[in-house]
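Here's the structure we're looking at; comments come further down.
Order of the sequence lines fixes the chain letters, A, B, ..., with proteins taken first and strands second; residue numbering starts at 1 for each chain.
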Amino acid sequence: MSYSSVSKKINLHGQIAIITGGARGIGACIARTLAREGADVVVCDVLPSESIVAEIERMGRRAMGICCDVTNQEQVIDLVQKTLNHFGKIDILVANAGVVDRTPFLEMSLEGWKRVTEINLTGVFLTVQSVFRHMKERQSGKIVCIGSIAGKVGGVISAPNYIASKGGVHSFVKSVAKEGGPFGVYVNAVAPGPCDTDMNASVDFQAEKNFPLQRMGRAEDIAEAALFLVSPASNFITGQTLNVCGGVFME
Amino acid sequence: MMSVDVSGPINLQGKTAIVTGGARGIGASIARTLAREGANVVVSDILPLQKTISEVEEYGVKALGVTCDVSKPEQVNQLVNDAIRAFHQIDILVAGAAIVKRTPFLELSLEEWNRSLEVNTTGMFLTVQAVYRHMAARKSGKIVCIGSISGMIGGIIAGADYVTSKGGVHSLIKAVAKEAAPKGIYVNAIAPGPVKSAMTEGIPYDPEMIPLRRIGEPEDIAEAALFLASQASNYITGTVLHVNGGVYLG
């Protein structure tokens with residue numbers, strides 16, 4: 001028995017999506033892009049999300065902001081519960097919440113290591129587990145986790161805690177994809193290369209000189225890839241990490 | 001100094017695409033899907049093309065059929081020339097032409113080995129090079145080559161010749177992607193897992209072996225090809241996209 005239907009044109013009308021880390025940058029752009037294709041969106045962040053929520057509502061979609069620290073299991077369970085109370089179901093999760101760190105290896109404290117892996121990796125575990133429980137029951141759902149090309153190539157300027165956490169995300173999706181496949185629950189990752197966002201504002205990657213496509217990534221580049229993976233256009237794709245990195249890394 | 005556009009929603013209005021191996025199966029589905037999004041399509045194959053041409057035209061776009069053996073340089077050049085004469089430009093190439101055999105290794109003749117590499121890998125080289133030349137002059141283009149999961153994991157039922165030829169495709173796109181990127185040309189591959197088509201007819205794939213519990217359909221590959229041929233993937237190049245139901249996880 002398969003719950004997976006054949007791929008078709010992108011269309012998210014009637015679907016409910018949760019985006020963690022959705023207040024700004026890549027997360028906000030993903031929220032906007034999913035709404036453009038018809039989805040109603042729950043924006044979750046520790047930062048204020050009023051602005052993106054208002055923007056989505058102006059697009060004619062329903063939106064809700066929920067303040068949630070993804071490392072706090074009670075808050076994550078509450079996020080899922082509030083979404084179900086309000087919208088009745090969850091079709092899509094984009095687990096995007098994350099932080100970056102640039103501490104040199106020998107200066108890294110155990111606390112510094114734990115803080116980043118807790119948010120970037122354990123936070124993904126908690127969010128995906130809570131949503132997966134609901135999706136498995138409905139035998140339908142699309143989960144996309146945001147990894148990083150840094151997790152594959154060792155990073156340019158990011159610290160080992162960040163690298164390890166993002167590599168962990170790429171492995172994590174494979175494991176959950178195998179478990180979700182028979183129930184029609186898809187689990188994939190997007191691995192962005194260096195993007196023009198607040199997180200990278202202080203770094204000059206000299207993209208024109210160093211990157212094959214000669215520019216930094218933009219939030220829109222990641223958002224269109226995430227859209228593809230949460231949509232019915234990718235109904236035979238699971239357990240994969242899609243590199244969106246301007247050709248910086250070719251596996 | 002040029003730099004490529006940021007990604008945006010899929011829209012192929014006004015674009016021209018060449019699809020090789022477009023007479024049936026995955027190639028025909030790709031031709032229909034690109035047409036659905038507005039592209040004019042040049043359909044190429046050694047098999048009869050009329051069915052795909054009619055299906056493409058039903059979307060209100062233009063279609064041109066060109067019979068072409070991709071292992072013959074003069075026929076490939078003719079294909080590109082015919083496409084440019086009819087549509088003045090080529091924005092998209094989906095190189096899907098391939099043959100498959102399942103000869104056991106010790107029975108595999110040199111002739112069979114050579115023929116598989118000639119069509120599946122050299123044919124890809126010839127098609128990509130001819131189209132790339134045109135795209136490089138225009139500084140814009142999207143190339144998608146159809147590889148195979150068998151090139152990654154050794155194949156379930158395909159012969160060593162097929163497996164090797166498809167692994168070559170995955171490597172070829174990386175080499176070309178690096179050279180092409182500064183010219184605004186994208187080169188990616190799709191590695192399909194088991195897909196229902198004339199090429200896989202009669203093969204007893206077991207859906208229980210596949211995490212998504214079904215065999216792929218041509219549409220599954222076509223939507224992925226559309227993504228990579230569109231501006232939705234404007235920061236993706238040199239990548240092999242695995243569309244396999246979770247059989248192989250990279």
Side-chain angles (χ1 to χ4, degrees), chain A residues 1-10 33 36-37 170 173-175 177-184 186-187 192-193 195 207-208 211-225 227-228 231-251, chain B residues 1-10 33 36-37 170 173-175 177-182 184 186-187 192-193 195 207-208 210-224 226-228 230-250:
Chain A
M1 180 64 210
S2 166
Y3 302 99
S4 146
S5 61
V6 175
S7 301
K8 52 180 186 285
K9 191 176 162 75
I10 292 172
T33 305
R36 183 192 78 204
E37 299 301 327
H170 304 159
V173 300
K174 297 183 196 184
S175 168
K178 282 191 179 164
E179 187 159 338
F183 303 96
Y186 297 75
V187 191
C195 288
E208 276 202 14
F211 296 0
L213 286 174
Q214 300 181 337
R215 66 168 174 90
M216 293 287 284
R218 295 271 300 270
E220 291 86 342
D221 296 313
I222 310 309
E224 297 293 341
L227 167 63
F228 170 67
S231 81
S234 57
N235 272 359
F236 204 51
I237 301 179
T238 197
Q240 305 300 328
T241 297
L242 178 55
N243 298 338
V244 186
C245 66
V248 169
F249 176 57
M250 298 182 186
E251 278 185 83
Chain B
M1 192 77 230
M2 73 158 303
S3 124
V4 295
D5 291 339
V6 172
S7 303
I10 291 170
T33 305
R36 184 191 76 203
E37 301 300 325
H170 301 164
I173 59 115
K174 294 174 203 173
K178 281 194 180 159
E179 182 171 329
Y186 299 77
V187 191
V195 171
E208 289 301 308
I210 303 171
L212 287 174
R213 297 290 189 268
R214 67 175 175 91
I215 309 299
E217 300 282 346
E219 290 84 348
D220 293 312
I221 310 307
E223 297 293 345
L226 168 64
F227 171 67
L228 290 175
S230 80
Q231 62 167 2
S233 56
N234 270 3
Y235 205 54
I236 301 178
T237 196
T239 292
V240 179
L241 177 55
H242 298 286
V243 186
N244 61 33
V247 172
Y248 169 68
L249 304 182

Revision key, fill the gap. Turns out that what part of B:Pro9 lies under 4.5 Å from chain A's heavy atoms comes down to both
Practice item. Would you indicate whether B:Lys174, at its atom NZ, is surrounded by more than 12 heavy atoms from other residues, nucleotides or ligands within a distance under 6.0 Å? Key: yes
Point to revise | Any donor-acceptor N/O pair, A:Asp221 side chain to B:Ser7 backbone, under 3.5 Å | key: yes
Check your understanding: How long is the gap from CG on B:Asp5 to CZ on A:Arg218, to the nearest 0.5 Å?
Key -> 10.0 Å
**Study point:** Toward chain B, the part of A:Tyr186 with a non-hydrogen atom under 4.5 Å
**Key:** side chain
Check your understanding: Which pairs pass side chain to side chain donor-acceptor pair (under 3.5 Å) with one or both residues in residues 238-251 of chain A, sequence neighbours excluded?
Key -> A:Lys152-A:Asn243, A:Lys152-A:Glu251, A:Asn243-A:Glu251
Exercise for review: Against chain A, label B:Tyr248 side chain, backbone, both or neither, depending on which of its atoms sit under 4.5 Å from a heavy atom there.
Suggested key: backbone
Exercise for review: Could you check if a side-chain atom of B:Glu223 sits within less than 4.5 angstrom of a side-chain atom of A:Ser234, using non-hydrogen atoms only?
Suggested key: no
**Study point:** Side-chain touch A:Phe228/B:Ile10, heavy atoms, less than 4.5 angstrom
**Key:** no
Review point. Is it true that a side-chain atom of A:Lys174 and a backbone atom of B:Gly250 form a donor plus acceptor pair closer than 3.5 Å?
Key: yes
Exercise for review: Name the region of B:Ser233, side chain, backbone, both or neither, that has any atom closer than 4.5 Å to a heavy atom of chain A.
Suggested key: neither
Point to revise | Heavy-atom side-chain proximity of A:Arg215 to B:Tyr235 below 4.5 angstrom | key: yes
Point to revise | Nearest atoms (heavy-atom pairs only) where B:Ala181 meets A:Pro212 | key: CB-O, 3.1 Å
Check your understanding: Quick one: does B:Ile215's side chain get under 4.5 Å of A:Phe236's, heavy atoms only?
Key -> no
Practice item. Could you check if a side-chain atom of B:Asn234 sits within less than 4.5 angstrom of a side-chain atom of A:Leu213, using non-hydrogen atoms only? Key: no
Practice item. Against chain A, label B:Gln231 side chain, backbone, both or neither, depending on which of its atoms sit under 4.5 Å from a heavy atom there. Key: neither
Review point. When only pairs under 4.5 Å are counted, which of B:Pro207, B:Gly8, B:Ala222 shares the most heavy-atom pairs with chain A?
Key: B:Gly8
**Study point:** A:Leu242 side, atom CG; B:Ile236 side, atom CD1 - distance, nearest 0.5 Å
**Key:** 4.5 Å
Exercise for review: Test side chain to side chain contact (heavy atoms under 4.5 Å, CB included) on B:Leu241 and A:Ile237 and set out the steps.
Suggested key: CA-CA 9 Å; B:Leu241 177 55; A:Ile237 301 179; 4.3 Å; yes
Exercise for review: Identify the two heavy atoms, one from B:Arg214 and one from A:Ser4, that lie closest to each other, and give their separation to 0.1 Å.
Suggested key: NE-OG, 2.7 Å
Review point. Got a second to check how far A:Ser7's OG is from B:Phe227's CZ, nearest 0.5 Å?
Key: 13.0 Å
Practice item. Only counting residues at least two apart or in another chain, list the ones meeting side-chain hydrogen bond (donor to acceptor under 3.5 Å, both in side chains) with A:Lys178. Key: none
**Study point:** Heavy-atom side-chain contact between A:Lys8 and B:Glu219 under 4.5 Å
**Key:** no
